[in-house]
Amino acid sequence: MHSIHSVGLVAISALVGLAQAKDIYVSPTGSGTGTSTSPYGSIQSAVNAAVAGDTIYLRAGTYKPTTNIQFKTSGTQAKPITVRSYQNEKVVIDGEGLPGTPYGLDVSLPNGERGIFHIEKANYWKFYNLELINGPYGIYARDASNNYYERLTTHDNYETGFQLQGASSNNTVIYLDSYRNRDPRKNGESADGFACKEGTGEGNVLRNARLWDNVDDGLDLFMFGSPVTLEEVYAWGNGFNRWGFSNFNGDGNGFKLGITDNPPANHVVRNCMAFANAKKGFIDNGNPGALTVERNTAWNNGDVGFNFRSSSSTLKSNIAAVNVGSAQVSLVSSVKASDNSWQGGSWSNSSFVSTDPSTLKQARLTNGRVPASDFLVPKTGAAIGATTKADV
Ligand SMILES: *[C@@H]1O[C@H](CO)[C@@H](O)[C@H](O)[C@H]1NC(C)=O
Ligand SMILES: *[C@@H]1O[C@H](CO)[C@@H](O)[C@H](O)[C@H]1NC(C)=O
C-alpha cells in the first residue's frame, strides 16, 4: 500500500510541477555542473539553469566575467529566484573585463551591455549580499518589477552604481552602499550612487542606503514619472572631481528629485541626510509634482540645503543648517513649509549633539542597518531633522 501511495505522489508531483526547488552553486574556481561539490564557474550558467523557487549560492572570492550577466527569466511571487552569497561569504563581482569600462568620450553604451548584472524584463528575483565593482553600471535593471535587493555594494563603476529604469514597479532596494562611481565617458555628467530614471511604476523603495563620493549626484530620479519612496538614505561627498576629468560635468547634489519636463512625480523623502555634497542637499530640479519631504537634514553642503523651484511639495520638520549657499533654502511660494529649521531659531554646528559622521561611515550592523549615532541630532531633542537612531 505504502509504496503504491508514494509512487502516486511522485507522479502527481511531476505532473503539477511540485519538484523540489534546487540549490545551484557557483565558485570563482568552479568548472562543474552547479552542485555544492562541483560548482559552476560562471554565474551566467547558474542564472540560465535557475527556475522559479531556486537559489543560486555564490561561493567566496572575486568573479571576473568577460561578458555581463543577463537576467531574462522570472520567478513568481510565491517562488522568487534568489541569488546570494553562500553563508554571507564575501563575494565580489569585478566588471573591469567587460566592454564599456569605459568607452571613449561621448560613445554611447549599448543597452544590453549596461550593468555587470543586466536585469531586463525579469521579475521576482531576490539578491543578497554581493559587491559589484568596476562595471559599466553595477546593477542595471530595466522594465523589471517585483525584485528585491538587499545589502548590495556597488562601487567604482564606470556609470551609476545601481540603476532602475523603464517600466519598473514594486522594487525594494535596502541596505545599499554605492560609492565612487564615475563616468569618464561623460566627464562626470551622469554617474550617481543610485538612480531610478526615465520610466514609470509604483512601489519602488530605497531604504537605509549610503551614497557617497559619486561623481555626479548621490541620487537622481531624472524623468521617472511615479512616486519613489526614499527613507533613511544618506548622501555625502558627491560631485567632486576626484578623477581629474577635464571639462568636469558633475552636478554634486545629494538628492535630485526630478526634472522640469518630468511628469509630476510625488516622491516621498523621509528621514534622509545630505551633507558635504559639492552643491545642493535636496532639489526638486523642476519636478512639478507634490513631494512629501519630512524629517530630513541638509547640512554643510556647498550650496543651499533645499531648492524647490517648481513643485507644490510639503516640507515639514526638516533641517537646513551650515550650508554654504546664498541662503539655507530656496523655495517657490507653492511649497507648503511647516516646522522647519529655517522657520524659527538659528542653527549652527553647535546646535547638534554631534557633527562627526564617522560612525555613519562604519561597517553596517549584522542586521544590515547603518550604525546609529548622535550625528546631526539636535541638542534640543526636538522632533526635527533626520536621525540614524530610529525610524521616524
Ligand atoms: C505592484 O504592487 C501593487 C500592490 O501590491 C499591485 O497592485 C501591482 O499590480 C504591482 N505591479 C506590478 C507590475 O506587479
Ligand atoms: C561645521 O562643522 C563642519 C565639520 O566639522 C565643518 O566642516 C564646517 O566648516 C563647520 N561650519 C561652520 C560654519 O562652523
Side-chain angles (χ1 to χ4, degrees), residues 52 71-81 119-127 141-149 164-174 196-207 212-213 218 224-231 234-240 242 252 254 263 265-268 273-281 297-305 319-329 341-342 345-362 373-380 385-388:
F71 294 78
K72 295 178 169 173
T73 57
S74 293
T76 65
Q77 184 162 23
K79 293 184 173 185
I81 307 172
I119 301 160
E120 184 160 351
K121 299 191 171 76
N123 310 312
Y124 295 110
W125 285 81
K126 293 179 138 189
F127 301 88
R142 184 176 199 132
D143 302 332
S145 294
N146 299 298
N147 294 321
Y148 180 87
Y149 306 87
L164 303 176
Q165 188 160 339
S168 297
S169 304
N170 299 337
N171 297 292
T172 297
V173 182
I174 187 166
C196 181
K197 281 186 176 173
E198 298 173 277
T200 54
E202 307 285 326
N204 295 303
V205 177
L206 176 66
R207 186 173 290 126
W212 74 94
D213 292 359
F224 200 79
S226 307
V228 175
T229 299
L230 309 172
E231 289 175 342
Y234 312 102
W236 72 88
N238 297 290
F240 293 98
R242 300 170 197 275
N266 303 337
H267 305 307
V268 175
M273 293 181 181
F275 60 95
N277 294 290
K279 299 280 175 53
K280 301 171 180 72
T297 298
W299 171 75
N300 197 30
N301 295 289
D303 199 334
V304 297
I319 297 174
V322 198
N323 299 292
V324 191
S326 49
Q328 290 305 312
V329 297
S341 63
W342 57 91
S346 74
W347 289 76
S348 66
N349 276 341
S350 58
S351 307
F352 299 104
V353 181
S354 165
T355 55
D356 177 3
S358 57
T359 301
L360 174 60
K361 297 178 179 183
Q362 284 169 8
S373 70
D374 286 321
F375 180 52
L376 301 184
V377 170
K379 281 181 182 164
T380 60
T387 170
T388 55

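Whatever order the structure lists ligands and atoms in, that order sets their numbers, starting from 1. Please read all numbers here as calculations on a predicted model, not as lab measurements.
- How far CG of Asn277 is from CZ of Phe240: 7.0 Å, rounded to the nearest 0.5 Å.
- The heavy-atom pair separating Thr388 from Ser373 by the smallest distance is OG1-N, 2.9 Å.
- Counting protein heavy atoms under 4.0 angstrom from atom 2 (O) of ligand 2 gives one or more.
- Within the 6.0 Å centre-distance limit, the rings of Phe71 and Phe127 are counted as a close aromatic pair.
- The single protein non-hydrogen atom nearest to atom 7 (O) of ligand 2 is Asn300 ND2, 3.5 Å, given as residue, atom name and distance.
- At a 4.0 Å heavy-atom cut-off, ligand 2 does not touch Phe352 at all.
- Proximity of Asn146 to ligand 1, defined as any heavy-atom pair under 4.0 Å, is confined to the side chain (atoms from C-beta onward).
- Aromatic ring pairs are classed by plane angle as parallel below 30°, tilted from 30° to 60° and perpendicular above 60°; the pair Trp212 and Trp236 is parallel.
- Closest to atom 5 (O) of ligand 2 among all protein heavy atoms lies Thr355 OG1, 4.4 Å.
- Using a distance-only test at 3.5 Å, with no hydrogens or angles considered, no donor-acceptor pair links the side chain of Ser169 to the main chain of Gly201.
- Heavy-atom contacts of Asn349 reach the following atoms of ligand 2: 1 (C), 2 (O), 3 (C), 8 (C), 10 (C), 11 (N), 12 (C), 14 (O) (cutoff under 4.0 Å).
- The closest side-chain donor-acceptor pair between Asp356 and Ser358 falls under 3.5 angstrom.
- Across every non-hydrogen atom of Gly166 and Phe224, the tightest pair is O-CE1, 3.6 Å.
- Atom 11 (N) of ligand 1 has Asn170 ND2, 3.0 Å as its closest protein atom, hydrogens excluded (heavy atom only).
- Taking 4.0 Å as the cut-off, Trp299 counts as a neighbour of ligand 2 on heavy-atom distance.
- Proximity of atom 14 (O) of ligand 1 to the protein is indicated by at least one non-hydrogen atom lying closer than 4.0 angstrom.
- Contacts of Asp356 with ligand 2, taken as heavy-atom pairs under 4.0 Å, are absent altogether.
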